[in-house]
Structures are given as C-alpha cells and as structure tokens.
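Computed from a predicted structure; not experimentally measured.
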Amino acid sequence: SRIYPTGEEEKPNQAGLDFYRNVFTELRNAGIEPLVSIWHFDTPLALEEKYGDWLDRKYIALYEKYVTTIFNEYKGLVKYWLTFNEINNTINFLPDNASDEAYQEAYQHLHYQFVASARAVQIGHEIDPENKIGCMLAGAITYPHTCDPKDMLLNQQTMEENFWYCGDVQCFGAYPPFAKRIWKEHNITDLDITEEDKEALAAGTVDYIGFSYYMTNTVDSTAHKDVSKSLDGSSEHSVANPFIKVSDWGWAIDPEGLRYVLNQFYERYELPMFIVENGFGAIDKKEEDGSCHDPYRVDYLRAHIEQMKKAVEALTAELKAKQQRIEELQTELASKNIRIQELDAAVSDLSAAKETLAAENEAKAKTVAEQEKSLNAAWFVFGTKSELKAQKILQSGDVLKSADFNKDYFTQIDIRTTKEIKLYSKRAELLTTHPSGSYELVKDDKGQLTLKITNPTEFWSVSRYLVIQVK
C-alpha cells in the first residue's frame, strides 16, 4: 500500500520506495540480512473495494507490476523474499460452517495468488539470479487424537486442506491429486484456471519454504465443538492433547512439534526452510522498575531451538548419507563411463577391422570376378576375306594367323552365356578349329545365318578365338 497506494497507479510512490530503502539500508548497516514479505495482508483498500479480495484476475497483472518495481528498486539490498504471508490462512480462517460459496471464493482467491506468486518467482530470477524467493505458510500442524483409522484419515485430510494444498502448488508447481477431493466436498466445479496459469505454476516454483510455528493441534473425528470465538487456532474437531502443556492463552507448547514439522517439510519438499515466526504469549507481569522477568519465554525459545537443532542434526546426517551415496554413484558412474569408453574404443577398432575386411573381401571378390571373367572369356570376329586381311587376321595366301591376334578387332564374350552369334550373311565359314557337332549354322526365314553353339565346353576346348569368314 505504501508503494502503490491504490494498486493501479502507473508509477510507484517515491516516498514509499524511500521508506523501505531506508529500512533495508539500516538493517544492512547493522549486519542484519532482511527477509521481506512482499504481501502481508496489505492489499490496497481501493483494490479490495473495486475487485473484491483477490477475486479478479486483474490482481495478477497488478502484482506483477508491483514485484517488478521492488525487485528492481532493491536489487542488491534484498536477496530473500516471501511472496504471500501465511497464504493458507485464506482457508484456515474459514469457519467450519462456511458455505460452498465462501469456499468457492477462497479457492479462487488462492489460485490467483498462486499464479501471482509463480510469476513473481520468474520475474525475480530474471531481474536478479541471486534472488531467493519462497512461500510462507501458517504452521497449522495437527496430530490424530488416537490411532483410530477415522482419526488418522481426519488428520491426513486436515493436513492436506490446511497445509499441503498450498505447499504442493507452490513447491511442486501443480495442484495435488487430493485437490479434486477438496473441491468436490465443497461443490467447486468452475474455478478460473487456464492452461497459461498451469504453465506459470510449473515454471515458478519457490526456492524455499517459509513458515510460522507457534503450536500444534490434535483432531478427534468424534469431537464437534463451537470454535467461533476460539483464540487457540483450533477447529471443530480439535481436542486437548494430554501430553502437552498450554500457554495462558490455551496455545499448545510443543517444541517437539517444531521438529516434527521440519521433518515433514523436508521429507515432502526437500527445500531449504525458514522459521519466519515463532514466539510465546503469556500474561506478563510488569515490575515496578518497568522490567518484565519472563524466564518462561526463555524456556520456550530454548526448548524450540533445541528441537530445531535436533532436526538439523538428523537432516544433516540424512544429507550426509545421501551425499555419500551420491559420491558412490558418481564413482560407479565414472567407472562405467570408463568402461563405456573402452567399449567404444573396441567397437571403433572392430568397425575399422570390419571396414578393412570388407575392403579386402571386395578386392578379392573383384579379383575372383576378373579371374572368372578371364577363365570364361573368348573372342570372336567375322568379316569378309578382305576385311580379315585388312585386320591382319588373315595373312598372305589366305592363311589364318596362328597367334598374337589384335584383339581390338575381336568382340569378347563369356562362353557361359553366349550361345548364339548372328552373322548377317547368307554364307559363312569357320576359319578357326572347333569340334564338329559342337555347333551348327542355322538360317532364318530370310536366309541369314546364325552360329548356334550347342556344346560350349567342347566348342571352345581347342581355341578361345573364333574367326568366321562371311561371303
């Protein structure tokens, strides 16, 4: 309200900015690290009157403008931020007999704040990656009164409604499965939740959990009491815990409960935690000199700090065990990576060997093919006497040259596949020697001759050269 008094100004109130800058500067000068609650039940009155209590989507954009201003203004002065103080009190403070309409408004109110919080996380990280932005929950921790399954289920559902509903959305970035049960119980079917909202929630999970802790409550499924005027944070099903003392105001004094909630938080979310509020209320006596001697408050704080220390020690031991296991897994992974590299090298060598063998086989196959081609090669030529003489296949005196034919004039054939040779002439004579009976000269209907080789093996047994004189 100091920075945007009506919430809808285009520019922030400089006096408000200066006020907080002075506060943060003084804290820094005193060696105090500020943790700032961005919204602490201080929505500008003008917005409440115009749009209701976070019942309009316009709040999201207005909140984005607000956080953008303060993240830029106090960059370097403030590192730790809380988006909404005790956000779950929107539900916790509803009376037990609240109408479905009241629940509808409350859960819509929460949804808009969830989205605004997620957007704040994104904006804060963009402006300053050093920013740590958390949620803030009212520590409404409960125990079951007995091990009766009804008490156990009541306690589970009470924690889901009062605590985990808000925590899960802000820490996990999505509504938990039990949200549907809660909505169904209060006939909520039309919350304004868009796909863009879901994307924002997923992208804007908090960096840590802030929470207040003062006491615990105990719930009994058989208890039904009027708590409309109660000041002890109890509900319709709350009963006294016989193992716990209470303050002058009826608040349970439960240091172990702090340890319990710390363990619960870390087991569920595994995020850093801030105990943002804790203290003790009593009917204090003011002495004549104006002093107040309150050893009971010292005892309260000491007991809670001791339990906090135990929780930290237990969590530290757990973290050390996890870290040790991580280191073991990293060593194992490194060993496997080395083995993978060795296998990769072996595969590479095998691939190279395979390529070499393939090349050798290809060369051998080519050689074999060439050898087979050579072994099964024959050469033929046909022509008139003058043509054969011109090619020096026939020598003077019409004698066939016995060797060293010029193969340029011959056609190479494969004796396995060539069974016929068309001569394009009506008369022909084989000048090379080939066994009779292994071939025949056949005329077609036009009298043109074709040499048909009927027994290739015998035909080529004497000579691989075939010379035919045509007339």
Side-chain angles (χ1 to χ4, degrees), residues 41 54 82-100 102-111 113-114 117 134-145 150-172 174-186 188 191 206 209-221 223-228 230-241 244 250-252 254 257-258 260-269 271 273-278:
F41 312 117
W54 277 84
L82 297 169
T83 55
F84 288 92
N85 183 71
E86 292 186 332
I87 192 170
N88 52 329
N89 276 344
T90 299
I91 300 300
N92 295 344
F93 286 171
L94 283 175
D96 292 318
N97 61 351
S99 65
D100 288 345
Y103 275 99
Q104 170 79 33
E105 289 189 356
Y107 283 108
Q108 189 63 71
H109 167 124
L110 275 179
H111 176 71
Q113 289 194 336
F114 289 154
S117 174
C135 61
M136 201 304 206
L137 303 172
I141 308 303
T142 58
Y143 300 132
H145 181 57
K150 292 185 178 63
D151 286 356
M152 298 297 291
L153 284 171
L154 173 62
N155 183 66
Q156 181 187 54
Q157 293 178 356
T158 300
M159 287 290 289
E160 288 174 348
E161 294 165 15
N162 294 351
F163 222 46
W164 304 136
Y165 182 92
C166 292
D168 284 6
V169 175
Q170 295 186 283
C171 295
F172 294 143
Y175 280 97
F178 59 78
K180 293 181 179 180
R181 171 188 66 78
I182 295 173
W183 298 337
K184 184 177 180 180
E185 288 177 357
H186 300 294
I188 298 171
L191 288 176
V206 294
I209 303 165
F211 67 99
S212 58
Y213 178 82
Y214 295 101
M215 60 190 168
T216 55
N217 275 298
T218 303
V219 293
D220 182 345
S221 59
H224 300 280
K225 68 176 185 178
D226 180 9
V227 292
S228 59
S230 173
L231 298 177
D232 59 1
S234 59
S235 68
E236 174 189 2
H237 299 290
S238 294
V239 295
N241 188 329
I244 296 175
W251 289 22
D254 186 7
L258 175 59
Y260 173 74
V261 71
L262 287 168
N263 290 332
Q264 287 280 295
F265 267 137
Y266 194 78
E267 287 173 8
R268 193 175 187 93
Y269 300 124
L271 288 173
M273 295 171 283
F274 267 107
I275 303 170
V276 182
E277 296 180 25
N278 176 252

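- The line from OG1 of T216 to CD1 of I141 is 8.5 Å long, rounded to the nearest 0.5 Å.
- Take A106 and apply the side chain to side chain contact (heavy atoms under 4.5 Å, CB included) test, not counting sequence neighbours, and it matches T90, I91, L94.
- Every residue meeting the side chain to side chain donor-acceptor pair (under 3.5 Å) condition with N241, not counting sequence neighbours, appears here in chain and number order: T218.
- In this structure R268 satisfies the salt bridge (charged side-chain N to carboxylate O under 4.0 Å, His left out) test together with D168, sequence neighbours excluded.
- Taking A138 as the reference, E86, N88, N89, N92, S212 meet the side chain to side chain contact (heavy atoms under 4.5 Å, CB included) condition, with sequence neighbours excluded.
- Closest approach of Y269 to C171, counting heavy atoms only: CD2-CB, 3.5 Å.
- Among all heavy-atom pairs drawn from L271 and Y266, the shortest one is O-CD1, 3.8 Å.
- Note: H109 and W54 have tilted aromatic rings, judged against thresholds of 30 and 60 degrees for the angle between ring planes.
- Counting only heavy atoms from C-beta outward, the side chains of L137 and C166 approach each other to under 4.5 Å.
- Partners of N85 by side chain to side chain donor-acceptor pair (under 3.5 Å), not counting sequence neighbours, listed by chain and number: H40.
- Annotation: M159, atom CE; neighbour count of heavy atoms from other residues, nucleotides and ligands within 6.0 Å is above 12.
- Ring-plane geometry between F114 and Y165 is classed as tilted, the angle between the planes lying from 30 to 60 degrees on a 0 to 90 degree scale.
- Of the candidates Y213, F265, Y143, Y143 is the only one forming a ring-ring contact (aromatic ring centres under 6.0 Å, His included) with Y260.
- Residues passing the side chain to side chain contact (heavy atoms under 4.5 Å, CB included) test with E105 are L55, sequence neighbours excluded.
- The nearest pair of heavy atoms linking F163 to G139 is CE1-CA, 3.5 Å.
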